[in-house]
There are 2 protein chains.
Amino acid sequence: MSTSLSNAPYHHGNLRHALLDAALLMLQRDGEAGLGLRDLARAVGVSPAAPYRHFDSRAALLEALAVTGFQRFTAAMNAVAASQPPDLLAAMGQAYVRFALDNAALFRLMFSPQLKRDNRPGLRMAADAAFATLRQVRDGDSASGRIAALAAWAKVHGLAVLLLDGQIALQPGEDIEALIGAIIGQH
Amino acid sequence: MSTSLSNAPYHHGNLRHALLDAALLMLQRDGEAGLGLRDLARAVGVSPAAPYRHFDSRAALLEALAVTGFQRFTAAMNAVAASQPPDLLAAMGQAYVRFALDNAALFRLMFSPQLKRDNRPGLRMAADAAFATLRQVRDGDSASGRIAALAAWAKVHGLAVLLLDGQIALQPGEDIEALIGAIIGQH
DNA sequence: GAGGGATGTTGACACTGCTTACTTCTCGAT
DNA sequence: ATCGAGAAGTAAGCAGTGTCAACATCCCTC
């Protein structure tokens with residue numbers, strides 16, 4: 001009966017993973033500011049200091065969370081590129097905005113100025129990797145092409161942010177997907 | 001000699017204004033997370049609880065700060081509109097991005113998801129007022145015109161955010177003003 | 001000049017991230 | 001099989017925070 005009396009083993013098994021999962025849920029519910037390590041530990045069922053075995057600090061945990069976000073983002077973008085759609089730039093734009101809307105809290109965390117402040121190399125690397133595909137499409141051709149691609153990127157990113165902030169109001173009966181498509185299609 | 005021994009009077013005079021000024025400085029230096037009420041009170045030279053006579057909470061102070069930001073933003077946009085430039089949309093876009101770059105920390109605070117979370121009516125009103133001019137230019141004409149204007153807004157806002165985050169790297173010898181102009185001019 | 005309301009102070013509470021010293025468990029070398 | 005190194009988790013506590021209630025002080029009006 002050494003391991004029993006409570007059915008939770010002494011060692012959690014995969015605490016790091018469990019922490020990140022719970023942190024994502026908590027992030028979606030309460031935002032970045034509401035993500036406390038104590039609450040997190042409580043949610044997973046371990047002591048307040050246990051997370052420090054896996055993350056040096058709260059910032060490190062947030063960074064790890066953002067890194068997983070960038071990895072998912074990279075996967076989504078690569079999937080689009082691999083499917084070789086007729087209009088690559090438009091399709092990637094659609095996927096870009098959709099990712100932002102589907103993973104609102106995570107997307108905001110990925111671009112959080114807080115994390116950028118203490119610039120952790122891991123985040124920077126993940127972000128660079130995520131944008132590698134975009135940059136490839138972007139910088140491929142002439143100088144005027146670079147400007148056009150930068151403009152397209154800015155438009156897509158701005159659209160995502162404004163939609164996320166509820167700054168763009170839908171007209172009655174308007175479909176958001178159609179709106180996104182129309183704006184991205186607009187040259 | 002009742003008020004002396006320390007040359008600081010009991011009443012500060014205009015504490016609310018002084019707090020907002022100091023908060024702006026602190027915001028620019030340390031970011032939103034580094035803006036503590038205690039530090040702020042210390043910087044102005046009052047007790048830790050004194051700010052509560054003027055702001056119900058830390059969030060209320062941040063809101064007030066963001067509101068002043070929207071007011072300055074409104075003034076900047078109106079100034080552009082009043083000058084009746086040849087290409088109104090392009091000129092407002094330039095002013096939009098320039099404001100963001102000149103007031104980086106404040107701009108970020110204005111669009112901070114933290115503040116939007118507990119949606120304070122004052123912020124919402126200030127933001128609506130700020131975008132009134134934009135919406136006027138935007139929604140003026142036909143439906144297709146609305147799409148075009150939304151696309152322009154998204155592009156300008158995205159450009160501002162990406163530049164603020166250092167996501168758009170300048171090529172060697174490239175002038176940032178020229179780049180902004182080129183991207184905004186791109187249709 | 002004596003209230004009275006606004007303004008600022010003091011002290012304390014609950015909470016946070018974080019650290020240190022300690023216990024408990026796992027696992028590979030012997 | 002055992003036993004010791006080190007990983008995993010615990011408990012206690014530090015400094016710092018936002019916030020509040022009670023008290024002190026000033027200014028302004030009647």
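None of these values were measured; they are calculated from a predicted model. Within every chain, numbering begins at 1; the chains are lettered A, B, ... in the order of the sequence lines, protein sequences first and strands thereafter.
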OP1, OP2 of dA6(C) versus side-chain N and O of H54(B): anything below 4.0 Å?
no
Grab the CG-P distance between D56(A) and dT19(C) for me, whole Å please.
8 Å
With distance as the sole criterion, do the side chain of R38(B) and the base of dG18(D) form a donor-acceptor contact below 3.5 Å?
yes
Name the orientation class of the two ring planes belonging to Y96(A) and F73(A) (parallel below 30°, tilted from 30 to 60°, perpendicular beyond 60°).
perpendicular
Tested for side chain to side chain contact (heavy atoms under 4.5 Å, CB included) against S112(A), the lone hit among M110(A), Q114(A), R108(A) is Q114(A)
Between C1' of dA8(D) and CG of L19(A), the distance in whole Å
12 Å
Write down the distance between CG (L35(A)) and C1' (dG17(C)), rounded to a whole number of angstrom.
13 Å
Comparing L37(A) with A49(B), nearest DNA chain C nucleotide closer to 5' gives the residue A49(B)
Quick check for you: to the nearest 0.5 Å, what is the distance between D102(A) atom CG and R72(A) atom CZ?
11.0 Å
Whole angstrom value for the distance that separates C1' of dG17(C) from CD of Q114(A):
15 Å
Distance in angstrom units between H17(B) NE2 and dT7(C) P, rounded
16 Å
Just how far, in rounded Å, is P of dG18(D) from CG of L61(B)?
10 Å
Starting at OH of Y52(B) and ending at C1' of dA12(C), how long is that distance when rounded to a whole Å?
14 Å
Between CZ of R42(A) and C1' of dC15(C) the distance, given in whole Å, is 10 Å
Nearest listed nucleotide, side chain of R58(A), among dG9(D), dT17(D), dC18(C)
dC18(C)
Tell me which nucleotide among dG9(D), dG18(D), dT7(C) gets nearest to the side chain of R53(B).
dT7(C)
Is the shortest side-chain heavy-atom distance between R58(A) and L35(A) below 4.5 Å?
yes
